[in-house]
Every structure is written in structure tokens, then in C-alpha cells.
Amino acid sequence: MITPEEWVRQNFLLYLAEVLHYPVSLIAVEKKIAIGDISKRFDIVVYTNLGKPCMLVECKEMNVQLTENVLQQILRYNINLQAKFLVVTNGSYCAAFKNDGGQLKPIEHLPGFIE
């Protein structure tokens, strides 16, 4: 049985591949990351053709509000990854940001894949 968070993740992966045209070969799901001495798993990371993280996505189930704590979680994950775009979603709402020189700027649309 699919969990509510997994449903959100699978739908966002479909959006990345089918709508934004990111190659699935450049997308990692639930990969471990070390944050200090703690090991965590991120939901989705999209890489560039050169293997550099360009987008980090944190998925929550639909009944979970996208609070400051959720944003802080993705920011902690991004300390090591340094992705340019950060996304938090619960399936019914999505907030996206561009990491511009260490400052987060809200963006209206995620960029499509550019080779």
C-alpha cells in the first residue's frame, strides 16, 4: 500500500518528468545525506547533466501544513547540497524558492529542464 507522503512524491516525480521534462536519470529519490553526525534521507534531488544538485524537493502528505519547520528542514538538507532551487509540497500546495547567493527568493514557476 502506498503511503500518503509517497503518493505526493510519486505525483511530483511525474510532474518533473512529464511536464518539466527532467530526465529520470537525473533524479534521485530518498538518498541518504549526512548533516553533521546525523544521517537523513531527502525526498527528491534533481541533478544537472554535470551531476551537481540543482533542485531539492521535500514532500509531505496532504494533511501536513507547509510551515516554517518544513522550510527549515529543506534548508538544513541544502547546507551540503547547495541546490539552486528548493521546493516544499504537500500535493495540494507547492512553494518554490530560488537560492540566490544565500538568499531565498520565492518563484512562481519551476524551470524546465535545459540541457
Side-chain angles (χ1 to χ4, degrees):
M1 184 172 151
I2 191 169
T3 66
E5 183 175 320
E6 183 62 22
W7 183 90
V8 171
R9 183 173 27 250
Q10 291 300 318
N11 279 277
F12 202 85
L13 287 166
L14 188 63
Y15 173 74
L16 288 170
E18 298 294 322
V19 177
L20 297 180
H21 307 289
Y22 284 93
V24 294
S25 61
L26 296 179
I27 300 172
V29 178
E30 285 204 341
K31 195 170 180 180
K32 281 188 180 180
I33 181 174
I35 302 174
D37 295 336
I38 300 170
S39 179
K40 297 284 187 178
R41 289 184 184 268
F42 55 72
D43 286 317
I44 301 170
V45 174
V46 180
Y47 293 92
T48 66
N49 282 331
L50 301 175
K52 182 179 177 190
C54 69
M55 186 185 306
L56 180 58
V57 182
E58 178 62 29
C59 301
K60 298 296 181 189
E61 59 183 82
M62 282 190 167
N63 64 353
V64 173
Q65 291 186 357
L66 301 179
T67 63
E68 179 72 23
N69 287 340
V70 175
L71 186 57
Q72 289 300 321
Q73 180 182 3
I74 198 170
L75 288 171
R76 281 191 303 274
Y77 291 173
N78 201 43
I79 289 170
N80 290 1
L81 294 175
Q82 292 298 301
K84 188 171 188 170
F85 298 98
L86 304 176
V87 180
V88 292
T89 183
N90 63 9
S92 58
Y93 181 77
C94 182
F97 305 89
K98 181 178 181 182
N99 184 358
D100 189 10
Q103 289 193 325
L104 282 187
K105 296 183 179 179
I107 56 174
E108 293 289 321
H109 304 284
L110 290 173
F113 179 72
I114 300 171
E115 291 190 42

Atom [atom1] in [X], atom [atom2] in [Y]: separation rounded to 0.5 Å?
X: Leu13; Y: Ile44; atom1: CG; atom2: CD1; value: 4.0 Å
X: Met55; Y: Leu16; atom1: CE; atom2: CG; value: 6.0 Å
X: Glu58; Y: Arg9; atom1: CD; atom2: CZ; value: 8.5 Å
X: Leu20; Y: Leu14; atom1: CG; atom2: CG; value: 10.5 Å
X: Phe42; Y: Glu30; atom1: CZ; atom2: CD; value: 9.5 Å

What are the two closest non-hydrogen atoms of [X] and [Y], and how far apart are they?
X: Phe12; Y: Thr89; result: CD1-CG2, 4.0 Å
X: Gln65; Y: Val70; result: O-CG2, 3.8 Å
X: Glu5; Y: Glu61; result: N-CB, 3.7 Å
X: Asp43; Y: Cys59; result: OD2-N, 2.7 Å

Task: Any donor-acceptor N/O pair, Asn90 side chain to Tyr93 backbone, under 3.5 Å - done: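 Such a contact is found between Asn90 side chain and Tyr93 backbone.
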
- [ ] Give a yes or no on whether the backbone of Asn78 and the side-chain of Gln82 come within a donor-acceptor separation of less than 3.5 Å.
- [x]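 It does hold such a pair.
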
Task: Name of the residue among Val87, Ile107, Leu104 meeting side-chain contact (heavy atoms from CB on, under 4.5 Å) with Phe97 - done: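 So, applying the side-chain contact (heavy atoms from CB on, under 4.5 Å) to Phe97 and each of Val87, Ile107, Leu104, only Leu104 qualifies.
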
Open item on the list: If the condition is ring-ring contact (aromatic ring centres under 6.0 Å, His included), which residues does Tyr22 pass it with, not counting sequence neighbours?
Closed with: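 ring-ring contact (aromatic ring centres under 6.0 Å, His included) check on Tyr22 returns Phe113.
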
